[in-house]
Amino acid sequence: MSSNPLICHSLRKRPDWASLASALLQGSNVRWKETKLDTHDVALPIRDPGGHSQRVLRAICLSPLDVGTDYCRDRIQRLFHLNGGEDTIIVLLLKQHNASQSPMTAFMNLQLDLGEFEMPVIPVNAISEVPTNLMAFHRQVSTSDRSRRMDNPAQTLLPYCSDRPPLSEHAVNILTDITSGMRDLSEAISTAVGQKRILEYMGSESESVISFWAKEYLVE
């Protein structure tokens, strides 16, 4: 395994993701390398305190058109079985492909489709958000002293459901306390009453959360 973060060159052939390689290779001080990856799209070494790379965070990149297809299920299963679902992540681009289905509907369907192959899903509104979110998640898992899956998917996912990710741990704890899950949160944010309750508990951080979800739903 390379000591540098890796991105699969096949992403350039996928219209929704064609610009990601350039964004990563040119857009930060991290020295990314482009190569062939068979089962995933991105690989980031996770260094131990001594600076050695003993773990790897692997990610696949999906769009709403992928969700629910055999292709998507196959990629999820292959990613999961690389390491039993540990140190893995799915990046979902919330791109509107047609008027009949909201990207957030695809997001929810993806959560349901994961089933026993439970892994964190990071939703992004644009390719430009991917580098920041990937590195933020990488820092999060790097604080763990062992290879593991996230015990609570909502705790992993919620920090990135914001226009200015990641949300603070305090904000995430509030959201998990006042809602019963991602579906309940999306329903709460779709109503004026729900927004008022979130604002009451979260204060200024509620604006970035409501704005994130409002981009995909018609908020009343």
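Considering all non-hydrogen atoms of both residues, Leu37 and Ile7 come closest at CD1-C, 4.2 Å. Across all non-hydrogen atoms, the minimal contact from Leu92 to Phe107 is CD2-CA, 3.5 Å. Residues Ile60 and Arg75 approach most closely at CG2-NH2, 3.7 Å, considering heavy atoms. Across all non-hydrogen atoms, the minimal contact from Pro45 to Ala43 is CD-O, 4.0 Å. Contact record, Asp66 with Cys61: OD2-O, 4.4 Å, taken as the closest heavy-atom pair. The two atoms that bring Trp17 and Leu62 nearest to each other are CZ2-O, 3.1 Å, heavy atoms only.
Arg164 meets the side-chain hydrogen bond (donor to acceptor under 3.5 Å, both in side chains) test with no other residue; sequence neighbours excluded. For Leu82, the side chain to side chain contact (heavy atoms under 4.5 Å, CB included) criterion is met by Thr39, His40, Arg58, Leu79, not counting sequence neighbours. By the side chain to side chain contact (heavy atoms under 4.5 Å, CB included) test, Lys36 is found to be paired with His9, Asp38, residues two or more places apart in sequence or in another chain being considered. Residues passing the side-chain hydrogen bond (donor to acceptor under 3.5 Å, both in side chains) test with Ser162 are Ser208, sequence neighbours excluded. Glu34 meets the salt bridge (Lys or Arg N to Asp or Glu O under 4.0 Å) test with Arg12; sequence neighbours excluded. Partners of Ser168 according to the side-chain hydrogen bond (donor to acceptor under 3.5 Å, both in side chains) rule, which considers only residues two or more places apart in sequence or in another chain, are Glu205. Partners of Leu65 by side chain to side chain contact (heavy atoms under 4.5 Å, CB included), not counting sequence neighbours, listed by chain and number: Ser63, His97. Evaluation of the ring pair (Phe, Tyr, Trp, His ring centres under 6.0 Å) rule for Tyr71 yields no partner, not counting sequence neighbours. With sequence neighbours excluded, the residues that form a side chain to side chain contact (heavy atoms under 4.5 Å, CB included) with Arg197 are Ile178, Tyr201. By the salt bridge (Lys or Arg N to Asp or Glu O under 4.0 Å) test, Asp177 is found to be paired with no residue, residues two or more places apart in sequence or in another chain being considered.
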Problem - Ile198 and Leu185: CA distance, side-chain angles, deciding distance, side chain to side chain contact (heavy atoms under 4.5 Å, CB included) verdict - result: CA-CA 9 Å; Ile198 291 171; Leu185 173 60; 4.0 Å; yes

Practice task
Take Val42 and Val130 through the test side chain to side chain contact (heavy atoms under 4.5 Å, CB included) and record every step on the way to the result.
Solution key: CA-CA 11 Å; Val42 177; Val130 176; over 6 Å; no

Practice task
I would like to know whether Asn133 and Val91 meet side chain to side chain contact (heavy atoms under 4.5 Å, CB included); could you show each step before the answer?
Solution key: CA-CA 9 Å; Asn133 284 329; Val91 181; over 6 Å; no

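In terms of modelled atom types and a separation under 3.5 Å, the side chain of Asp74 and the main chain of Asp70 share no donor-acceptor contact. Side-chain N or O atoms of Thr179 include one that pairs as donor or acceptor with a backbone N or O of Leu175 at under 3.5 Å.
Screening Thr132, Ile127, Asn125 for a side-chain contact (heavy atoms from CB on, under 4.5 Å) with Glu129, the sole residue that qualifies is Asn125.
Atom CD of residue Glu207 and atom CG of residue Leu199 lie 7.5 Å apart, to the nearest 0.5 angstrom. Between the CG atom of Asp87 and the CD1 atom of Ile46 there is a distance of 4.0 Å, given to the nearest 0.5 Å. One distance of note links CD1 of Ile76 with CD of Glu116; it measures 11.5 Å at 0.5 Å rounding. Gln195 CD to Ile189 CD1: the interatomic distance, rounded to the nearest 0.5 Å, is 7.5 Å. To the nearest 0.5 Å, the span separating CG on Leu24 from CZ on Arg31 amounts to 15.0 Å. Rounding to the nearest 0.5 Å gives a distance of 8.5 Å between CD1 of Ile89 and CD of Gln140.
Ion pairing between Asp41 and Arg14 holds under the 4.0 Å rule for side-chain N and carboxylate O.
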